[in-house]
Amino acid sequence: MALHVEHEIHARRRGRNMGMLVILLGFIAIVFGLTVVKVLNLPNITQMERFDHVARPQLEPLTSADEVAQ
Amino acid sequence: MTDASLPETKQYEAQMGDYFALLKPRVMSLVVFTALVGLLVAPVAVHPFIGFVAVLCIAVGAGASGALNMWWDADIDVLMKRTANRPIPAGRVQPGEALAIGLTLSGFAVVLLALAANFLAAGLLAFTIFFYAVVYSMWLKRATPQNIVIGGAAGAFPPMIGWAVATGGVSLESVLMFALILMWTPPHFWALALFVKTDYGDAGVPMLTETHGRRVTRNHIMAYMICLVPVALGIAFTSIGGPIYLVTALVLNAWFLKGCYDIFKRNDAQADADNYAVEKHTFKISLYYLFLHFGALLAEAALRPWGLGGW
């Protein structure tokens with residue numbers, strides 16, 4: 001007896017399932033591509049790190065008061 | 001009794017192609033072309049990948065509104081020969097599936113467009129879907145013989161959305177591109193309605209040819225064509241126009257105006273005598289008309305980097 005018996009519905013829905021796979025892979029590619037494009041086009045990419053879920057004061061832009069202190 | 005003795009019930013399983021047909025692919029091709037032109041002629045450059053995603057979202061949004069339209073109109077689609085083979089009336093797709101696909105794709109298209117481009121473009125897309133599915137399909141299609149004019153507005157939004165993707169705004173140029181498709185739709189569609197035997201009457205959809213007669217339809221074609229000319233020529237003197245567009249528009253408007261005038265000045269007896277040759281010819285001109293107007297705008301934008309496009 002075969003270890004894997006394919007149900008008839010699998011054959012019937014193969015086209016739909018493959019179509020859904022292509023759509024989902026396409027969606028992943030689009031979201032990934034958008035992320036890459038958006039991040040690479042930021043005016044100052046180091047500012048991305050400021051939103052890293054923890055406070056990173058060393059990445060805050062310098063103010064005139066900071067410059068005077070230095 | 002085992003299940004082996006049961007007769008095998010083979011229900012039709014909807015295929016990917018059936019779901020795709022819900023999205024009205026032929027309408028989508030016009031949407032993709034005009035949205036792409038709206039995006040490319042805008043004065044702000046868009047990253048090619050963002051442009052691709054934006055046009056995809058606009059196409060999917062338009063397709064989703066087509067699915068919602070098919071869900072709502074399934075009762076009349078089954079009565080008309082032209083639409084009886086659509087996925088729902090033909091029994092290949094359940095109405096609930098079409099509704100789910102329409103709503104899901106609408107949501108995905110609008111949200112993704114907002115993330116990829118901006119909120120204005122996404123808002124315009126959401127409004128287009130609402131306008132086509134609710135204002136046109138549910139409200140006015142079965143209520144007024146001017147339904148085709150209102151439906152045309154939904155088809156006119158894509159270049160405006162494409163422009164909004166690039167610039168983040170609405171301007172005279174994008175309004176004129178919208179108006180070009182809006183004013184083009186009635187003469188285009190009514191020229192077709194004159195020579196194609198429709199069964200809208202059986203389905204209770206008031207079409208101008210049936211509610212007000214063919215003479216009035218011929219008058220309407222002429223009236224809308226006269227309104228279309230200044231819109232088409234006006235674009236030539238905006239920032240997206242130029243000599244190539246102006247020459248193209250002059251030739252096309254003279255050609256289409258002549259066709260509409262020929263339709264206007266004759267009656268059904270004359271049309272029957274030559275098997276609606278003039279109406280068929282003018283309908284064909286209308287297809288070239290829209291395609292070449294947007295093609296000329298694209299040519300102006302493409303030649304601009306070499307100092308050849310624009311004024």
Side-chain angles (χ1 to χ4, degrees), chain A, chain B residues 3-4 6-23 25 44-61 63-64 67 87 92-94 97-98 100-101 104-105 107-119 121-122 165-166 168:
Chain A
M1 185 184 156
L3 286 173
H4 175 74
V5 181
E6 190 168 81
H7 194 277
E8 161 277 329
I9 200 169
H10 294 157
R12 219 165 3 119
R13 289 196 168 171
R14 180 156 290 129
R16 273 166 68 160
N17 294 339
M18 293 308 284
M20 204 60 219
L21 176 70
V22 170
I23 289 169
L24 289 174
L25 288 176
F27 184 66
I28 292 166
I30 284 170
V31 173
F32 180 68
L34 270 180
T35 309
V36 171
V37 169
K38 292 269 181 185
V39 168
L40 291 182
N41 282 291
L42 282 171
N44 181 4
I45 200 161
T46 58
Q47 294 304 305
M48 269 298 286
E49 296 179 41
R50 290 172 61 207
F51 299 98
D52 200 18
H53 302 97
V54 287
R56 303 187 68 178
Q58 70 275 23
L59 289 174
E60 292 295 327
L62 287 177
T63 62
S64 53
D66 294 329
E67 281 165 7
V68 170
Q70 280 177 1
Chain B
D3 64 357
L6 288 169
E8 201 177 341
T9 52
K10 281 213 168 172
Q11 270 192 324
Y12 179 78
E13 198 80 42
Q15 297 299 307
M16 222 51 199
D18 297 318
Y19 294 129
F20 187 62
L22 284 175
L23 309 183
V44 183
V46 177
H47 189 283
F49 189 75
I50 291 182
F52 162 74
V53 174
V55 172
L56 185 70
C57 288
I58 299 168
V60 170
R92 299 196 302 275
V93 172
Q94 296 300 309
E97 288 180 294
I101 288 171
T104 309
L105 289 184
F108 266 87
V110 171
V111 171
L112 197 57
L113 188 61
L115 294 172
N118 54 63
F119 287 112
V165 165

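None of these values were measured; they are calculated from a predicted model.
For B:F108, the ring pair (Phe, Tyr, Trp, His ring centres under 6.0 Å) partners at least two apart in sequence or on another chain are A:F27. Qualifying side chain to side chain contact (heavy atoms under 4.5 Å, CB included) partners for B:D18, counting only residues two or more places apart in sequence or in other chains: B:Y12, B:A14, B:Q15, B:R92, B:V93.
Residue A:N41 touches chain B through its side chain alone, counting heavy-atom pairs closer than 4.5 Å. Only the side chain of B:L56 comes within less than 4.5 Å of a heavy atom of chain A; its backbone N, CA, C and O stay farther away.
Note that CG of B:L115 and CD1 of A:I30 are 12.0 Å apart. Values are rounded to the nearest 0.5 Å.
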Residues B:M16, A:V22; criterion side chain to side chain contact (heavy atoms under 4.5 Å, CB included); working and verdict | CA-CA 11 Å; B:M16 222 51 199; A:V22 170; over 6 Å; no

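Of all the heavy atoms in B:F49 and A:L34, the pair that sits closest is CE2-N, 3.3 Å.
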